[in-house]
Amino acid sequence: MADSDHRRAIAEDAVLRHLQNHHEIADSLLFAAQAKLNPDDIANAIKSLTGHRYVDSQEITKETWLLTEEGKTYAVHGSPEMQLFLSIPQEGITKDELQKKFDASSFKIACAQAAKNRWVDFGKQLVTRKIQHVDNDKVQTLLLRIQDGKDNVSTIDISQDDIRALTKRKLISLQVKKGFSVTRGPNYAPQRKKVATDLTRDMLQSGDWKNLEFKEFNLNAKGAPTEGGCLHPLLKVRKQLKDIFLQMGFAEMPTNNYVESSFWNFDALFQPQQHPARDSHDTFFLKVPLTTKELPEDYVERVKRIHESGGHQSRGYGYDWKREEADKNLLRTHTTAVSSRMLYSLAQDCAQKPFAPKKYFSIDRVFRNEAVDRTHLAEFHQIEGLICDRGLTLGDLIGVLEDFFSRLGMSDLKFKPAYNPYTEPSMEILGYHKGFGKYVEIGNSGMFRPEMLLPMGLPEDVSVIAWGLSLERPTMILYGIDNIRDLFGHKVDLGLMKKNPICRIGLECD
Ligand code: FB9
């Protein structure tokens with residue numbers, strides 16, 4: 001039997017035994033003190049006995065005056081004003097002399113009270129007694145009476161003024177305690193029937209069950225906590241972001257190919273072959289399979305031409321475009337590689353059926369050979385959204401960004417001109433984060449260049465607005481995770497995962 005149950009059984013016994021030959025327990029606090037039992041055990045026992053109607057009980061409140069530490073000192077040594085009075089010799093004393101006898105705080109109080117009581121005169125030179133004798137240190141007397149008679153405020157005959165004065169001097173404080181008055185209940189018995197938890201075959205056969213009391217099922221008892229898995233924060237935020245895109249009418253692009261060809265990852269995006277991002281410092285190129293197997297040859301031809309000599313009013317880059325460079329396989333550096341494939345197949349569809357506007361999104365891993373630091377790893381999840389339609393403008397892009405980020409709880413946006421090889425104009429997106437009290441970079445965006453879209457075969461008046469951000473940054477901010485390394489690997493704090501209430505995207509997170 002757990003110690004707490006044992007203590008409660010003793011307390012129940014004491015209460016039931018007392019009521020065997022007493023009509024009531026008027027005050028359970030007093031009863032506990034007299035029975036030298038813990039008042040909380042008595043209170044719990046009374047609550048449980050009341051629950052089974054062994055007793056009936058009413059709650060009572062007991063207000064008790066307690067002396068504060070300062071009050072206790074004065075009760076012993078007398079009030080400071082009294083001590084001051086007694087320290088003044090008949091012929092008087094200089095204030096400095098007098099002050100030496102007291103500590104600063106009580107000296108101040110003593111002087112104030114003594115003056116108030118007109119016991120002492122504080123002359124320029126000397127402090128003198130105003131009266132010869134103080135017959136009663138009223139404060140000390142009151143404190144002692146409260147100390148001795150403290151167990152029932154109502155009985156103590158001290159004027160409210162005095163109580164107020166002592167309270168104001170923080171010499172006493174009121175303690176309110178809850179207790180019970182108890183009488184026998186309809187199921188009263190001098191002893192509690194043994195409580196059985198389970199009805200067993202033996203009890204049924206022996207018939208013992210008849211005079212046993214069965215512990216009620218505590219239907220509110222919480223079941224044993226089931227250790228369940230929990231979603232990794234990144235997956236929780238990814239789900240939230242997917243819901244946002246789906247609510248905005250976007251369809252998800254298939255991103256199940258980490259390995260991509262340089263062609264779709266760079267060339268199709270009109271990113272020149274000598275662009276710094278295309279060397280192994282930034283990109284993980286594959287040894288096996290080293291090169292891609294097949295590319296749509298006619299389209300590759302058009303991409304080669306637009307890089308080398310332009311077209312569609314673009315003068316291109318004017319360099320010697322190499323097929324072998326485009327064939328190189330790599331770990332995709334952005335999910336924009338998926339967008340290029342999707343836009344190309346959309347253009348292909350235009351051959352069969354009239355162009356239909358599309359809204360696509362992707363959320364998946366991308367790989368960049370970057371220096372690892374507090375917010376960057378060699379891989380992260382890129383979130384990308386694009387809208388492909390006739391006559392889209394930068395205004396449409398800004399509009400959809402404001403809609404998208406407002407659903408992320410970011411409503412105060414700023415746009416800063418930026419540069420991407422595949423979008424013109426391009427804008428860095430900044431959002432005001434109340435928690436940080438500043439604007440944070442929350443993504444990048446732009447309008448895909450005609451040099452990217454027209455070689456695909458998309459109609460002249462079709463434009464594509466797009467934007468991108470990471471999954472890790474919002475997750476770190478929403479979860480208050482300072483270092484991206486705490487999101488992955490052995491250092492992940494599972495406790496945080498389990499108990500961290502998902503910051504409802506859209507709600508301000510501190
Ligand atoms: O996610 C980023 N920041 C961010 C996003 C959301 C957010 O949410 C708050 C809680 C509500 C907080 C912060 N960034 C983009 C900004 C920075 O973190 C940046 O330093 C790091 N960027 C990554 C790339 O790093 C090299 C984040 C990643 C990023 C950047 C650009 C794109 C995608 C991901 C893009 C794009 C793009 C542009 C035009 C057309 C198509 C795609």
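Keep in mind the model is a prediction, meaning the values are calculated, not measured. Counting starts at 1 for both ligands and their atoms, following the listed order. Position 1 is the first residue of the sequence, and the numbers go up from there.
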Need the list: ligand 1 N/O atoms against protein N/O atoms, distance under 3.5 Å, rounded to one decimal.
residue  : atom  : partner : partner atom : Å
ligand 1 : 1 (O) : S470    : N            : 2.8
ligand 1 : 1 (O) : S470    : OG           : 3.1
ligand 1 : 3 (N) : E441    : O            : 2.9

Review point. Name the one of F250, F404, F245 that satisfies ring-ring contact (aromatic ring centres under 6.0 Å, His included) with F361?
Key: F245
Review point. After noting the C-alpha distance and the side-chain angles of Y299 and W264, does the key distance pass the ring pair (Phe, Tyr, Trp, His ring centres under 6.0 Å) rule?
Key: CA-CA 11 Å; Y299 172 45; W264 291 111; 5.7 Å; yes
Check your understanding: Is the number of heavy atoms from other residues, nucleotides or ligands within 6.0 Å of CD (E294) greater than 12?
Key -> no
If the condition is side chain to side chain donor-acceptor pair (under 3.5 Å), which residues does [X] pass it with, not counting sequence neighbours?
X	answer
T255	D364
T167	none
R485	N483

